[in-house]
Amino acid sequence: QKTTFQRSAKGPIAVTAVCPTGSWIEIENTGRKDEGLGGWKLSRKVDGKNQPAFTIPDGFSLGTARDNRTVKIYAKGKGPAGCLEYEKETFGTGQAITTALLSPAGETRAEHNQKTVYAQ
């Protein structure tokens with residue numbers, strides 16, 4: 001099997017990593033100032049099927065210091081206590097996965113595409 005990844009972002013917030021088993025999604029602030037993400041949504045399409053979106057809680061922000069520039073959003077029961085948690089036990093797995101980060105206005109601000117091809 002061969003898996004490829006492609007990322008894009010419009011601005012300093014990026015979807016930097018996605019767990020292949022659907023356990024978590026990581027978002028990073030690559031900019032030079034704090035970024036408020038309250039009301040932003042993570043949407044995910046797995047093999048052509050839309051998954052329920054995750055809405056980042058109001059008041060949440062990512063800073064620029066090493067200890068607060070990234071956040072992992074975990075599937076239900078997969079992360080540490082007090083983490084940001086998705087309502088389902090997995091974000092989904094499949095051969096073609098698109099994870100998008102949407103602003104409160106619905107504009108795609110970052111995207112992470114994963115494609116897996118299985119050898120025959």
Side-chain angles (χ1 to χ4, degrees):
Q1 109 186 18
K2 179 182 178 187
T3 302
T4 58
F5 304 94
Q6 182 179 12
R7 297 186 312 206
S8 64
K10 296 176 187 170
I13 303 298
V15 178
T16 51
V18 175
C19 177
T21 63
S23 296
W24 51 263
I25 296 171
E26 184 178 80
I27 300 171
E28 181 176 0
N29 178 5
T30 62
R32 295 189 174 142
K33 64 181 180 109
D34 291 0
E35 296 285 340
L37 298 178
W40 289 47
K41 292 184 190 234
L42 269 176
S43 73
R44 193 154 156 99
K45 188 179 279 192
V46 178
D47 294 336
K49 295 179 182 171
N50 290 324
Q51 305 297 306
F54 173 81
T55 302
I56 297 173
D58 288 340
F60 185 84
S61 66
L62 284 178
T64 57
R66 179 171 287 173
D67 63 346
N68 73 341
R69 70 181 303 127
T70 63
V71 65
K72 280 186 181 171
I73 298 154
Y74 290 91
K76 186 175 185 177
K78 307 285 194 228
C83 68
L84 291 181
E85 189 173 71
Y86 184 55
E87 65 185 63
K88 302 223 175 255
E89 293 180 3
T90 179
F91 280 101
T93 60
Q95 293 181 311
I97 302 170
T98 299
T99 304
L101 183 62
L102 309 172
S103 72
E107 180 185 2
T108 299
R109 301 300 297 163
E111 206 167 68
H112 184 284
N113 293 295
Q114 173 184 324
K115 291 189 180 173
T116 303
V117 177
Y118 294 92
Q120 303 215 5

For this session: Enumerate the residue pairs fulfilling salt bridge (Lys or Arg N to Asp or Glu O under 4.0 Å) with a member in residues 39-68, sequence neighbours excluded, ordered by first and then second residue.
Result: none

Problem set entry | Pairs involving residues 14-40, ordered by first then second residue, that meet salt bridge (Lys or Arg N to Asp or Glu O under 4.0 Å) (sequence neighbours left out) | Glu28-Arg69, Lys33-Glu35

Exercise. Is there any salt bridge (Lys or Arg N to Asp or Glu O under 4.0 Å) pair reaching into residues 103-120, and which pairs are they, with sequence neighbours excluded?
Worked result: Glu107-Arg109

Problem set entry | Donor-acceptor contact present, side-chain Thr108 to main-chain Ala110, <3.5 Å | no

Exercise. Looking at Ser43 and Leu102, what are the two nearest heavy atoms and their distance?
Worked result: OG-CD1, 4.1 Å

Exercise. Do the non-hydrogen side-chain atoms of Pro80 and Tyr74 ever get within less than 4.5 Å of each other?
Worked result: yes

For this session: Over all heavy atoms of both residues, which pair between Pro104 and Gly38 is shortest? Give the atoms and the distance, please.
Result: CG-O, 4.0 Å

Exercise. Parallel, tilted or perpendicular for Phe5 and His112, by the 30°/60° rule?
Worked result: tilted

Exercise. Between Leu42 and Phe60, is there a shared hydrophobic cluster once you connect ILVMFWY residues whose side-chain heavy atoms come closer than 4.5 Å?
Worked result: yes

Exercise. When hydrophobic residues are tied together by side-chain contacts of less than 4.5 Å, even through go-betweens, does Leu37 share a cluster with Trp24?
Worked result: no

Exercise. When clusters are formed by joining ILVMFWY residues with side-chain heavy atoms under 4.5 Å apart, either directly or through shared neighbours, do Leu101 and Tyr86 land in the same one?
Worked result: yes

Exercise. Honestly curious: do Trp40 and Ile27 fall in one hydrophobic cluster under the side-chain, below-4.5 Å linking rule?
Worked result: yes

Exercise. Out of curiosity, Gln114 CD to Gln6 CD, how far, rounded to the nearest 0.5 Å?
Worked result: 12.5 Å

Exercise. Got Phe54 and Leu84 here, is their nearest side-chain heavy-atom distance under 4.5 Å?
Worked result: yes

Problem set entry | For Thr70, all residues meeting side chain to side chain donor-acceptor pair (under 3.5 Å), sequence neighbours excluded | none

Exercise. Do any pairs count as a salt bridge (Lys or Arg N to Asp or Glu O under 4.0 Å) and have a residue in residues 86-96, sequence neighbours left out, and if so which ones?
Worked result: none

What donor-acceptor contacts under 3.5 angstrom involve side-chain atoms of residues 7-15, with partners at least two apart or in another chain?
from: Arg7; atom 1: NH1; to: Thr16; atom 2: O; distance (Å): 2.8

